[in-house]
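Below is one structure; the comments refer to it alone.
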Amino acid sequence: MPESEQLTPESNPFSSDTGSAAASAESLDAMPDWVTDDAPLSPSMEEYLSVLNPEQKQAVMHEGSALLILAGAGSGKTRVITTKIAYLIAAKHVNPSSILAVTFTKKAANEMHERAVALEPRAEHAQIRTFHSFGAWFLRVNAEAAGVDPNFTVYDDDDMITLITKAKPQLTRAQATHCAHKIALAKDYCMTPADPKLGELESDPEFPEIYRAYEARLHETGNVDFGDLIMKPVLVLKNNADVRHHMHMRFRVIMVDEYQDSNVAQFLLLQALSGVEENAGTYVCVVGDDDQSIYKFRGAEVQNILTFKEKFPGTTLIRLERNYRSTAEILLIADNVVKNNEGRLGKTLTAERGSGKQPKLIFLPNQDEEAQFCADLIQKTHKTGTPYNDWAILYRTNAQSLTFETEFLHRKIPYTVVGSLKFYEREEIKDVLAFLALAANNRDEIAFRRVVNKPARGVGETSQDKIISAAAGGKSLVDASREVGPNLAKKAREGVAHFVELMEEFTSFIGADSSEKSTKKLSSFIELVNEKSGLVEYHTAQDEIAGTQRAANMQELANSAVLYPCTIAGLLDFLDHIELDKTLELTDEESGTTDSVTLITLHNTKGLEFPRVIITGMEMGIFPRQDKTGAELEEERRLFYVGITRARDELYLTSCAMRRMYGRTDYMEPSPFLLETGRGTLKVLGHAPSSFRMNSSDDGDGFEDSDSEQSSGGYEAGSRDDGFKGGDYGKNGLSDPRAAKNPLEAKFCKGARVYHDDYGYGQIIKTDMSGEGEYVVTVQFESGEKKKFMPEYQAKSLMVVKE
DNA sequence: CCCGTCGTTATTTTT
DNA sequence: TAACGACGGG
């Protein structure tokens, strides 16, 4: 019997009025107790179900044993999950608060929450959140069992490194960084410092000891790191039967999105929380796509989805293979590529939208022309009404964004780089947050060190160390400061005294109203901290030097707290959200109404879609990276698959013959993935390298390519519809390979208008050859300066611009 | 304490 | 190449 059968009515979280009446014939013992009746569906519910396709509907209405939904890209999985939540509440009378739905990103969690509530208002009471925020909630509720301070804050990667440096001073920062990664990875695999398998992650015999020392130090602070948010709950559930039972009663339905990206610790959490091994009767539904698993390097375990059926006996598998996003041409390529992988559950997407334009593969001489090509394409279509928002430029590594940024800046094409510096990582924000964290938990060593001498109060590292060791054993650092302070040198003594005063003021401000019904907002507290701490002054000065807007960011941080009450609980809540929400992108760009091209890494595109996508840098060594083999190569291939399936209408792939990297220019080979796209699927433009053609062999590669032997220079003659006409190249100041022997001479001709990074706009007034036979141009700049350049070597800083 | 210069080092990174 | 961290001089 499931344990939940023994619950008393009061403790039973289910609002079911008919008790355990239910369960249709088949799998009676596997049937959860919440299945009550087949109450008539409300009209709106029927409406929601009616828009689903048969598989989606089946997934929504499935009940009984565990469910694995294999949802291909663009197959409407979020709709299925949200409808399922609504369905459980409305039609199956499941108590909303007994539903737990977890995702990986805050963004996804918010979207799921919003959509579920739109379908069924009572979903407001369901727990729809990220894995990590669930873990944070769990640890606060069970702080004692978990051995953490209930007011803990979460240390990020930087904080981990700092703490390791303090725990093991003999390590260099690089070593500490390395260890931090490995410790994080160990926690992803749920390994403690004592785990004998640690050696598989890190061969350094010192590592377990470093890990142990780090854990000890972390424990003294009362805080946790990201890995702990998952691992500690697992350990608590494992070791504490009371907590376990309580959780089994509390959560009767657990759903996981993007399951292919779950790591071992997250699997263990799901397993423990569901009580599957104890027949707790919890209904488990996971949704994922093994073909989109791209985070192995961070501990994600495809194995979780591949072996789900074994871990959850009686699992039903439903495939969602109807794709509502992309054209048939795009999906064909995606499918051709991904089927080169072994060890997948396998599925084939069908295009509900039918066919569209043929995707294109463009070979370009180098990265500068790659950027110019993209810019041309985007500008050209923009003139005919295609918004910039339609476009996304995808690349494998962040460094590749630079060329595009430079080109777009010159051409005034608005763009947004996704995932660049994050708000919460900014120095000024971390400073304020450190004060807040310290106010919440005065044992926070990292926060203490960060702000005790910022702005400078004469409290150097030596004094800090004295205070820290005085607080050993988990004493308050503020108390320790009060005790140790008077014994320090004059300067430090005064600094510490001032700091203690500050902290006292902060603590009393935040603590004052916690008992009453406070109407004060947390933002007022943050404003107080900003001002009194001296940080606003400090960073305002920095702003003047660096031209940044740190002070404004600090105000923005305060503004973002208006909805939180000015209490310790409110503060903790706020800190959780900040720490767990990397998407908080404030300031800089006003409003989200701007029309701009998206520049983004392939990894960051997961879950997104764009009408037009350009995947750049399709070169061996770049993508796939290095000579990846085996499982790693398969992961790169999945990454390509993810990229392709982001595109709704148009897909372009670009590959360069030459690329500057690490100060060197290398000849590049096309990505081997290109040959996997299949015959006749791509229209090839530009010079296909001979190796590419040779590899595709003689039985006809089937690519509709141009022949590089032909005098046409390889540009497709027949693509009149889309701006690839060779004749356009001259107009854009691009080199037309057909024109001159030396394209540079055609491009940097006398009279051409140019732009230089340092000198601004100007005109070429003279061209000639150097003694070495190099092409030299003389430019008269608008600033009055006259300079000579060799375009061959300065293609990047000196650009020809349109009139 | 700030700033310049030198040397080092270059994946991907939901939380 | 370029960006960032470490170090030493003013």
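By convention in this document, chain letters (A, B, ...) are assigned in the order of the sequence lines, proteins followed by strands, and residues within each chain are numbered from 1.
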| request: Answer with base, sugar-phosphate or nothing: what part of the nucleic acid does Tyr295(A) contact at a heavy-atom distance below 4.0 Å? | output: base
| request: Would you classify Asn604(A) as touching base, sugar-phosphate or nothing, given that sugar-phosphate means primed atoms plus P, OP1 and OP2, and contacts are heavy atoms under 4.0 Å? | output: sugar-phosphate
| said: For DNA chain B, which residues of residues 392-400 of chain A approach it to below 4.0 angstrom with any heavy atom? | reply: Arg396(A), Thr397(A), Asn398(A)
So which nucleotide from [options] ends up closest to the side chain of [X]?
X: Lys106(A); options: dT15(B), dT11(B), dT13(B); result: dT15(B)
X: Leu402(A); options: dT15(B), dA2(C), dT12(B); result: dA2(C)
X: Glu636(A); options: dT15(B), dT13(B), dT11(B); result: dT11(B)

| said: Using atom P in both nucleotides, what's the gap between dT12(B) and dG5(C) to the nearest angstrom? | reply: 15 Å
| task | Would you please say whether a donor-acceptor pair under 3.5 Å links the side chains of Thr153(A) and Asp444(A)? | result | yes
| request: Determine whether the side chains of Glu619(A) and Ser671(A) contain a donor N or O and an acceptor N or O closer than 3.5 Å. | output: no
| said: For dT11(B), is there a stacking contact with Phe297(A), counting only centres under 5.5 Å and planes under 30°? | reply: no
| message | Could you check whether Phe404(A) and Tyr415(A) have their ring centres less than 6.0 Å apart? | response | no
| query | Would Phe251(A) and Phe134(A) count as a close aromatic pair, with their ring centres under 6.0 Å? | reply | yes
| task | Classify the glycosidic conformation of dT12(B) as syn or anti, calling it syn when the angle lies within 90° of 0. | result | anti
Would you mind reading off the distance between [X] atom [atom1] and [N] atom [atom2], rounded to a whole angstrom?
X: Leu269(A); N: dT15(B); atom1: CG; atom2: C1'; result: 14 Å
X: Asp368(A); N: dT1(C); atom1: CG; atom2: C1'; result: 12 Å
X: Glu405(A); N: dT1(C); atom1: CD; atom2: P; result: 19 Å
X: Arg625(A); N: dA10(B); atom1: CZ; atom2: P; result: 10 Å
X: Phe640(A); N: dT12(B); atom1: CZ; atom2: P; result: 19 Å
X: Leu433(A); N: dT15(B); atom1: CG; atom2: P; result: 15 Å
X: Glu258(A); N: dT15(B); atom1: CD; atom2: C1'; result: 14 Å
X: Ile622(A); N: dA10(B); atom1: CD1; atom2: P; result: 15 Å

| query | How are the rings of Phe640(A) and Phe673(A) set to each other: parallel, tilted or perpendicular (split at 30° and 60°)? | reply | parallel
| said: Is the ring pair His603(A)/Tyr295(A) parallel, tilted or perpendicular, if the boundaries are 30 and 60 degrees? | reply: tilted
| said: Go nucleotide by nucleotide along DNA chain B from the 5' end; which of Asn453(A) and Glu635(A) gets its closest nucleotide reached first? | reply: Asn453(A)
| task | Only counting residues at least two apart or in another chain, list the ones meeting salt bridge (Lys or Arg N to Asp or Glu O under 4.0 Å) with Glu114(A). | result | none
| task | Please check if atom CZ in Arg140(A) has more than 12 non-hydrogen atoms from other residues, nucleotides or ligands closer than 6.0 Å. | result | yes
| field | Side-chain N,O (Thr601(A)) to OP1/OP2 (dT13(B)) below 4.0 Å | value | yes
